[in-house]
Amino acid sequence: MKVSWTERNRTRAVDRLEGVVALPPDAASAPEAAVAKADIASPDAAALQSAGWEFVHADPAVTMNCRAVYQESGGRLLIDGRGMTVRFRPNASETQIHETLSAHGLAMTRKLGFAPNLFEVSLADPDAPGSDIVKLANEVGNEPAVDYASPSFIQAISGRTRAS
Amino acid sequence: MLPTRTLERGKAESLVRTLRAAPPVTVDERVDLRSFDERLPEQAEASAFGELITSEAMREQVLGFAAAGIAFVRGRESFTEMAPTERVAVGGSSAVTRVMRSEERLLLETERLNIRFAATSSIGQREDLLQKYRLLPLQRLGFAAALIQAVSTAAPARELALELLRHDIVEHAAPDFIQFIGQRHAPGDPEYVRQWHLRNRTTAGADIHAEAAWNVTRGAAVRIAVVDNGFDAAHPDLSLAGESGWFRPTADMVTADFVPGMTGMPAGNHGTACAGMAAARSNAVGGCGVAFEADLMAVACLPDQVGTQATLARALAYAANPALEPVSGFPASSGADVIACSLGPNGAQWQMEPILQDAIDYAVSTGRDGRGTAVLWATTNGNYPISFDEVSSHPSVIAVGRSTSTDSDDGSGYGPELAFLAPGVDVHIAAQGGGYRATTGTSFACPCAAGVAALAIAVSPDLSASDVGDILRATCDKVGPLPYNNGRNDRYGHGRVNADTVVQRATISAPQPNRFPAV
């Protein structure tokens, strides 16, 4: 299913893989509804699996501790990072910032110093049924006090080396 | 055996002959010097850099003086007839009386002379002689008997030395010339002979011309940050700065915590190789890096090569300003001058999240107390347009592709965003585990160029991040079979980076604080 969000006046679109979820390394709970490991056609799959992530066929609505999986048009895999980066407009007050985050079920993880009013935020209740980081980013990004809201994706970022 | 007195006298006569030989010394009457931090007055016509560089030996000396903050200027009239105050008023120097050339040596004459009297001469005889020639004694030099340094208040030092040598009580008199006495450095590290990217012994010239650059600088007092996934912090050729650190993912994998220092830092061959390429020490072990006297800050951000762009962004911002991760305890002033990052997919596409863009913008505009930290990034290894990679094609990023030991491109990313190539094919560099290994990738071209950028900043610390990129681009060797249009083409960018020409251009184009010694 194609999903999209807008950040800094640019719309980004990815495919949300249906029926496939990612389980984090050392997942505390077993995937109750997992039926089988999923094979994903992407050069990134091996790197993510090597880091301990597992891709399984499962329903995210009933599977504990699982993450939605997205794929860019070029094949790159993105795993729901259960958070986003939000940059508020320079004139946004502290109260406005807290109220905006709270209204969308987000908790501030940290303020980042390299741009004004820039925050890493996470889902206050990551296991809440139906949580959708892309949908949420669209909602937060539409708030008047927000400059941009960008879903945080876990992804493979390897070194740019090549076999000699 | 000749008596010592006779021998010394013989040396003195030899000196007289040398000084009288025609013409042993050329005085450039209209060439003088000024410190870099003084504006060129209107009375002075132009820099005399170019005219003095008549040979490789002269080039080395002129650049050596320039690195010490001394520029040469051509005036409209003779400097040598002027009093010091007049000289200063027209852009000259009060400290140096004449600029001389003797064969391939630049000699800066001052008012000082070194005079050695005969041991048998009396104090009174010496004082009389000094008074006769209006010489003021400066200091007694204790490493030889009756040796003093004096200042001439009348005649030029060289002529005065000739006069003094006519007196029997003078064994030796010579102007105290200021000269550039450079160090020649060909690293003695055992693996150096295999590091073709530094000196190519097979295809002469198909390297970054490191040795010529090292005659001027090896990157001391400049800090290079390598942002990567892991490092061999115990590698004998890596001396990591205390500001190094790493990002540990939280248990829920939502974010990462910064951990200062090297304890627990993830290992990684890739980061080790990148760090070694940029700044491995020259220490008689292994090989060496491009800027082997530079500080090296290692920032590991994505263990297992998996994580978020938010963490990568924080790592870049930390490299530019360590105070942004308060747990580090380091001030902003300990940030890096140059950042090399060789992370990214090897496919065509990489979309940049706005937080990573914010971090890059911050580093290049705010780092180094506002001068900007240069950010160099490896292009994709794949044969794709760089424009598909939003990170290395970011306008503020210096995108580096890889070149071979025969100075050709090797099919890495191409397009108008490519800045230039640097050696990155079968380069022999540090590896995880303490050794050295031949390896290939744009990953290694990037820190190679970052090392060159560090050399530029070492000779001109006030260069902005943008200046650094401009100099690296403008001084490339135009290698390869493709024509260059307006100085570049899409396969080679501006060509292959050249450390020697970078250092020359950086030295001449940017002012430095005056470090000229007072007389």
Side-chain angles (χ1 to χ4, degrees), chain A residues 7-8 10 12 14 24-28 42-44 47-53 65 67 72-76 78-87 107 109-110 112-116 118-123 126 147-164, chain B residues 228-229 251-255 268-271 273-274 302-310 312-314 316-317 320-321 323-326 342-351 353-355 357-359 361-363 366 378-381 388 402 412 425-426 438-444 446:
Chain A
E7 56 192 21
R8 279 193 168 148
R10 189 181 71 152
R12 287 187 59 185
V14 292
D26 304 320
S42 166
D44 297 337
L48 289 159
Q49 286 164 338
S50 174
W53 289 87
N65 203 24
R67 312 285 183 93
E72 293 177 346
S73 58
R76 281 180 55 72
L78 306 172
I79 296 173
D80 174 359
R82 289 192 167 168
M84 65 180 79
T85 52
V86 183
R87 183 168 169 178
T109 306
R110 62 171 51 82
L112 300 167
F114 50 89
L118 179 63
F119 301 91
E120 262 194 304
V121 303
S122 56
L123 300 175
D147 181 10
Y148 69 76
S150 174
S152 191
F153 293 117
I154 293 163
Q155 54 195 290
I157 305 177
S158 60
R160 284 184 154 162
T161 188
R162 201 192 70 167
S164 290
Chain B
D228 212 280
N229 289 335
D252 59 6
M253 306 293 288
V254 171
T255 182
N269 189 63
H270 184 266
C274 289
L302 304 169
D304 299 320
Q305 308 189 68
V306 165
T308 65
Q309 288 192 24
L312 176 56
R314 285 171 61 198
L316 288 168
N321 176 5
L324 291 176
E325 296 291 338
S342 299
L343 299 178
N346 282 313
Q349 294 187 354
W350 193 20
Q351 296 194 14
E353 295 175 12
I355 190 172
Q357 185 177 337
D358 282 343
D361 291 344
Y362 176 84
T366 310
T379 67
T380 174
N381 278 300
F388 291 172
R402 66 178 193 269
S412 55
V425 179
D426 286 331
T439 187
T440 291
T442 54
S443 279
F444 315 114
C446 171

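Hydrogens, waters and symmetry mates are skipped; everything else that's a heavy atom, side chains included, is used. Labels below follow one simple rule: chain letters A, B, ... track the order of the sequence lines, proteins then strands, and each chain is numbered from 1. Please read all numbers here as calculations on a predicted model, not as lab measurements.
- Between B:M253 and A:P24, the shortest heavy-atom contact is CG-CB, 4.4 Å.
- To the nearest 0.5 Å, atom OG1 of residue A:T161 and atom CG of residue B:N346 are 8.0 Å apart.
- Heavy atoms of A:P151 lying under 4.5 Å from chain B belong exclusively to its backbone.
- When every heavy atom of B:V254 is checked against every heavy atom of A:S122, the shortest pair comes out as CG1-CB, 3.7 Å.
- When all heavy atoms of A:S73 and B:Q349 are compared, the pair lying nearest together is OG-OE1, 3.5 Å.
- Annotation: maximal heavy-atom pairing with chain A below 4.5 Å, among B:G271, B:C446, B:A363, B:A313, occurs at B:A313.
- Residue with the most contacts toward chain B among A:P43, A:G74, A:A156, A:S158: A:S158 (heavy-atom pairs, distance under 4.5 Å).
- When all heavy atoms of B:A310 and A:E120 are compared, the closest pair comes out as CB-OE2, 3.7 Å.
- When heavy atoms are compared at a cutoff of 4.5 Å, A:I154 approaches chain B by way of both its backbone and its side chain.
- Of the inter-residue distances, the one linking A:Q155 atom CD with B:L302 atom CG reads 8.5 Å to the nearest 0.5 angstrom.
- Between A:R162 and the options B:T442, B:T440, B:T439, a side chain to side chain contact (heavy atoms under 4.5 Å, CB included) holds for only B:T440.
- With a 4.5 Å cut-off on non-hydrogen atoms, B:A359 touches chain A through its backbone and its side chain both.
- Of the listed residues (B:Q351, B:Q309, B:E353), just one forms a side chain to side chain contact (heavy atoms under 4.5 Å, CB included) with A:F153, and that residue is B:E353.
- Summarising the geometry of A:I157 relative to B:L312, their closest heavy-atom pair is CD1-CD2, 4.4 Å, with the distance given to 0.1 Å.
- If you tally non-hydrogen atom pairs under 4.5 Å between each of B:V425, B:D361, B:N321, B:T380 and chain A, the highest count goes to B:T380.
- Contacts with chain A were tallied for B:G441, B:P345, B:A317; B:P345 has the most, counting heavy-atom pairs under 4.5 Å.
- For B:I355, the parts lying near chain A are the backbone and the side chain together; criterion is any non-hydrogen pair under 4.5 Å.
- If you measure heavy-atom distances from B:R314 to chain A, the contacts under 4.5 Å come from both the backbone and the side chain.
- The greatest number of non-hydrogen atom pairs below 4.5 Å with chain B, out of A:D80, A:L78, A:T85, is found for A:T85.
- In summary, A:R87 and B:D358 engage in a salt bridge, as defined by a charged side-chain N under 4.0 Å from a carboxylate O.
- Note on B:V306, B:N269, B:L316, B:T379: by heavy-atom pairs under 4.5 Å with chain A, the leading option is B:V306.
- The choice from A:G159, A:G113, A:A51 that makes the most heavy-atom pairs within less than 4.5 Å of chain B is A:G159.
- Shortest non-hydrogen contact noted between B:Y362 and A:F114 is CD1-O, 3.3 Å.
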